[in-house]
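Following: one structure in structure tokens, then a few remarks.
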Amino acid sequence: MTDTSTPTSPTKQRPELVMIAIFVAIGIAILLYFSSQQQQQLRSSATGMDGLETWLSSQGHDVQSFAGGWTINADSLGLAIIPLYDSDLVTSRTSPTTKEELLLQQDEFDHWTWQLRERASLVQTMIVLPKWRSGVRLTGLSHPALLIDREDTQATLQLLAGESVGALGHIPRPFSDFTYQTAEGSRLTARLYVAQVFEGNGCDPIIGDRGEMILAFCPIDGTSDDIIVLSDPDLLNNHGLRLGDNALIAKNLLPNLAQENRILIDYSQDIWITQQEDVTAHERSWSDFLRYFAYPFSVLWAGGAILMLITLWRAGLRYGPIIDAASKLSARKGQAIGARAKLMRMTGQDGALLDDYVTARMSAVSSALFGPAMSGTQAKEAAYLKHMTRLKPDLATKLNDLLSEMRSLPAGLPASAAITYVEAFELTLEQLAHDT
């Protein structure tokens with residue numbers, strides 16, 4: 001018996017591969033979620049700068065916190081503030097393995113020197129040097145024991161401004177006050193806890209004096225660009241804004257540095273700031289269109305034209321599918337059967353015609369069920385009856401009795417009686433087809 005089951009499609013996707021893809025996508029989403037949550041905790045902690053964004057926005061200034069994910073045109077920015085949470089700009093951080101290591105870790109996530117230099121070449125940039133270990137963020141308490149090693153922060157400063165910028169250190173007293181004079185002539189006081197200052201050789205001070213600078217314009221080592229160095233993040237972070245006049249200084253100073261343009265607090269680890277290139281408008285002409293017909297496109301057009309001509313020529317010679325030898329043989333066989341049936345009707349042999357009819361009809365329904373591969377009329381009929389006996393024994397028995405009776409009818413059977421047998425035969429076949 002021919003296998004009539006439908007073969008499996010080769011393009012059907014394997015369910016295990018789909019499940020693997022789903023689990024991978026879920027894993028990536030979970031990693032991104034926890035990464036964003038960790039950075040959000042940092043930004044809202046004592047050492048973060050979400051408070052600066054809220055404060056400046058409430059005063060009507062255009063400020064935005066940014067963690068990456070899309071490009072920003074440098075021309076739309078006036079100042080980029082980059083808080084560093086990394087005291088080593090040349091090597092990757094090591095993740096802590098114990099609670100003590102977590103409290104004392106110096107690096108929250110990695111920054112790289114070349115990225116900071118490239119960002120500074122695109123937009124006026126303020127680099128906020130690191131000061132506190134992770135313990136300040138986790139406990140909310142500031143203590144000199146949680147200060148980052150002075151040598152590491154100094155090395156970070158010198159990577160950006162050169163070794164000539166001088167040393168960096170801490171003032172050994174709880175609070176230090178520094179004077180800032182606004183453009184209107186008002187004097188404000190910046191108050192810092194265990195202030196982190198630098199010598200600032202070659203820098204122009206904004207807050208502090210030479211030898212004890214807090215904020216200054218400094219040249220980038222080896223380039224013609226400059227950066228604004230803020231040695232003590234407590235001037236602008238959530239922990240320090242509430243001290244002294246720090247909030248008023250931020251309100252007055254930062255919009256002036258940005259020239260009233262947008263201020264970007266950039267927490268991202270990659271370069272998302274881009275410089276828009278000047279695009280020269282090109283006026284379209286017919287020569288632009290004709291280029292698609294020049295070499296090597298001309299070869300493709302010629303090949304397409306030849307293929308189209310051959311297609312039209314072949315279509316003009318014939319219509320419909322090619323008639324092969326098998327279809328010709330089937331046509332001749334059909335004509336012969338039709339001629340024989342006509343002769344038998346003319347000679348009144350309806351009984352004999354009925355015998356031929358049921359034989360051909362049983363061969364047709366058997367082929368429709370089992371396929372054309374099975375050969376032999378009797379074999380097809382026997383297989384059909386055997387199959388139907390398993391499914392509908394009553395109808396199969398009725399069909400078998402009809403076949404025996406119709407084949408034993410006399411050759412000269414009247415046409416009216418033959419039609420009655422045909423109707424009973426077709427009704428039985430229809431019942432078998434519908435019920436199965």
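FYI, side chains are in, hydrogens and waters are out, and symmetry mates aren't considered; it's all heavy atoms of this structure.
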| message | side chain to side chain contact (heavy atoms under 4.5 Å, CB included), that's the test. Do F425 and L403 meet it? Break it down for me. | response | CA-CA 8 Å; F425 174 71; L403 290 173; 3.7 Å; yes
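- In this structure, a donor-acceptor pair under 3.5 Å is absent between the side chains of D270 and S268.
- E151 is linked by a salt bridge (Lys or Arg N to Asp or Glu O under 4.0 Å) to nothing, counting only residues two or more places apart in sequence or in another chain.
- Residues that satisfy the salt bridge (Lys or Arg N to Asp or Glu O under 4.0 Å) test with D149, not counting sequence neighbours, are R133.
- In summary, the side chains of W272 and D266 do not present any donor paired with an acceptor at a separation below 3.5 Å, with no hydrogens or angles considered.
- Shortest non-hydrogen contact noted between V123 and A80 is CG1-CB, 3.8 Å.
- Using a 4.5 Å heavy-atom cutoff, the side chains of W112 and I271 are not in contact.
- Checked by atom type and distance alone, the side chain of S363 never pairs as donor or acceptor with a backbone atom of T359 at under 3.5 Å.
- Using a 4.5 Å heavy-atom threshold, the side chains of L147 and W132 count as touching.
- In this structure, the side chains of L432 and V365 stay at 4.5 Å or more apart for every pair of heavy atoms.
- In terms of modelled atom types and a separation under 3.5 Å, the side chain of D86 and the main chain of H111 share a donor-acceptor contact.
- Between atom CD of residue Q105 and atom CD1 of residue I148 there is a gap of 9.5 Å, rounded to the nearest 0.5 Å.
- No side-chain heavy atom of T47 sits under 4.5 Å from any side-chain heavy atom of P233.
- A pairwise comparison of heavy atoms in L159 and R117 identifies O-NH2, 3.0 Å as the closest pair.
- Q115 places a side-chain N or O within 3.5 Å of a backbone atom of Q269 that can act as its donor or acceptor partner.
- Residues forming a side chain to side chain contact (heavy atoms under 4.5 Å, CB included) with Y295 (at least two apart in sequence, or on another chain): S298, V299.
- Interatomic distance, CG of L429 versus CD of E426, reported as 5.5 Å (0.5 Å rounding).
- A pairwise comparison of heavy atoms in I220 and A120 identifies CD1-CB, 3.5 Å as the closest pair.
- By the side-chain hydrogen bond (donor to acceptor under 3.5 Å, both in side chains) test, T91 pairs with D88, sequence neighbours left out.
- Considering only heavy atoms from C-beta on, L168 stays 4.5 Å or farther from Q158 through its side chain.
- For the pair Y193 (side chain) and D234 (backbone), a donor-acceptor distance under 3.5 Å is absent.
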| After noting the C-alpha distance and the side-chain angles of T389 and K386, does the key distance pass the side chain to side chain contact (heavy atoms under 4.5 Å, CB included) rule? | CA-CA 5 Å; T389 301; K386 182 179 179 181; 5.6 Å; no
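- Without hydrogens or angle criteria, R93 side chain to Q106 main chain gives no donor-acceptor distance under 3.5 Å.
- Counting only residues at least two apart or on different chains, the side-chain hydrogen bond (donor to acceptor under 3.5 Å, both in side chains) pairs with a member in residues 68-82 are N73-Q276, D75-Q275, S76-R262.
- Counting only heavy atoms from C-beta outward, the side chains of I310 and I306 approach each other to under 4.5 Å.
- In this structure, E163 places its CD atom where only 12 or fewer heavy-atom neighbours from other residues, nucleotides or ligands lie under 6.0 Å away.
- Within the model, atoms OG1 of T113 and CG of L89 stand 4.0 Å from one another, a figure rounded to the nearest 0.5 Å.
- Atoms OG1 and CD1, from T274 and I72 in turn, are 8.5 Å apart once rounded to the nearest 0.5 Å.
- Atom CD1 of I82 is separated from atom CD1 of I127 by 4.0 Å, given to the nearest 0.5 angstrom.
- What you find for C218 and V165 is that their closest heavy atoms are SG-CG2, 4.5 Å.
- Of the residues listed (L157, V128, L116), the one engaging L84 in a side-chain contact (heavy atoms from CB on, under 4.5 Å) is L116, and it is the only one.
- Contact check for R137 versus E108: side-chain heavy atoms found under the 4.5 Å cut-off.
- The two residues W301 and Y292 make their nearest non-hydrogen contact at NE1-O, 2.9 Å.
- Nearest heavy atoms, A190 versus L235: CB-CD1, 3.8 Å.
- Atom NZ of residue K392 and atom OG1 of residue T397 lie 12.5 Å apart, to the nearest 0.5 angstrom.
- Among the candidates H170, K131, R150, the single residue satisfying the side-chain hydrogen bond (donor to acceptor under 3.5 Å, both in side chains) test with Q196 is H170.
- Using a 4.5 Å heavy-atom cutoff, the side chains of W55 and K251 are in contact.
- The main-chain N or O of S45 is found under 3.5 Å from a side-chain atom of N238 such that the two form a donor-acceptor pair.
- Every residue meeting the side chain to side chain contact (heavy atoms under 4.5 Å, CB included) condition with L103, not counting sequence neighbours, appears here in chain and number order: L138, T139.
- The closest donor-acceptor contact from the side chain of T125 to the backbone of I227 lies at 3.5 Å or more, if one exists at all.
- At least one donor-acceptor pair closer than 3.5 Å links the side chain of S121 to the backbone N or O of E118.
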| query | Between N246 and L236, is a side chain to side chain contact (heavy atoms under 4.5 Å, CB included) present by the stated rule, with each step listed? | reply | CA-CA 7 Å; N246 294 358; L236 300 179; over 6 Å; no
| I228 and L79: side chain to side chain contact (heavy atoms under 4.5 Å, CB included), yes or no, with the steps? | CA-CA 10 Å; I228 304 170; L79 176 67; 4.2 Å; yes
